[in-house]
Amino acid sequence: MQTHTIHPAESADGHRHYHGKGIVHSIESCGTVDGPGLRFVLFMQGCLMRCLYCHNRDTWDMRTEQAQVLTVEQVMKQVISYRHYLRATGGGVTATGGEPLLQYEFIRDWFAACHENGIHTCLDTNGYALHYDAILDSLIDHTDLVMLDLKQIDPEIHKVLVGIPNTKTLRFARYLAERQQPTRVRFVIVPGYTDDDRSAHLLGEFIGDMENIETVELLPYHELGAHKWELCGDEYKLKGVHPPPKDTVLHIKEILEGYGKNIIY
């Protein structure tokens, strides 16, 4: 498939010029961990967060020789070929990344096309929405499930762990709650950063009254993406940090259950 170097121009209001195409890192045709059932997963290029534990380091930069520039029609041609398998398992499609909200026009158009074909849609996002407008509203209208990464509620720890403040993510979470958008929160348990009681209680307090949050998924930190940092010429700063013990996961689960949420791990 043809690849391109991407140099996305922006208009005066900060919007990237959209020409009906998406900048795609890769595609997984039968994903099993990106939402319910089997999923057709589109990994979008570009992310503004710099999570210390990121396992998709190669999706950060929007400008890369490896990126595929695809139209909705090209993607849907592949989706349709799998739709019987997706439906049979209660699955569908998932937009992830990178951060799909950075290309929210394309995701809106893709999800609308999926709904026209009766296909379930899931947005896997860190909540970094740059614009609150009719396009974002339409995207969420065509989204059946949002999986929202809430990495850390404490703003100072969040900046250390992620590199930027969490204000945009928390605003997006409140936006979803106001719209009563079905949402699954994902919380990565990183030793030394998010595995303490205070972090769990801050999360529970923040989401406790959000009736749209159906489930909290606890994700133990892992080191599976560390090699990608080396391939990108970067230092992986969590060397020596190992996955949390099961007792820690169960303890955080118990704390969050105290806020009335269904917990999976």
In Thr64, Thr59, Asp58, the residue satisfying side-chain hydrogen bond (donor to acceptor under 3.5 Å, both in side chains) with His25 is Asp58
N-O pairing of Asp141 and Arg179 below 4.0 Å
yes
Any donor-acceptor pair under 3.5 Å linking the side chain of Asp133 with the backbone of Ile135? yes
Side chain of Thr194, backbone of Val188: donor and acceptor closer than 3.5 Å?
yes
Taken in chain and number order and not counting sequence neighbours, the residues that satisfy salt bridge (Lys or Arg N to Asp or Glu O under 4.0 Å) with Glu217 are Arg184, Arg186
For the pair Lys253 and Glu257, find out whether any cationic side-chain nitrogen is under 4.0 Å from an anionic carboxylate oxygen.
yes
All heavy atoms of Phe111 vs all of Ala95, minimum pair found to be CZ-CB, 3.8 Å
Q) Would you say Asn117 has more than 12 foreign heavy atoms packed within less than 6.0 Å of its CG? A) yes
inquiry  = Does the structure place the NZ or CZ of Arg108 under 6.0 Å from the centre of the six-membered ring of Tyr18, at an angle of no more than 45° from the ring's axis?
reply    = no
Would you call the rings of Tyr132 and Tyr175 parallel, tilted or perpendicular, taking 30° and 60° as the class edges?
perpendicular
Checklist entry - Got a donor-acceptor contact below 3.5 angstrom from the Glu214 side chain to the Asn262 backbone? => result no
- [ ] Look at the rings of Phe40 and Tyr82 and say which category their plane angle falls in: under 30° parallel, 30 to 60° tilted, over 60° perpendicular.
- [x] tilted
Quiz item: When you measure from the side chain of Asn166 to the backbone N and O of Gln152, does any donor-acceptor pair fall under 3.5 Å?
Solution: yes
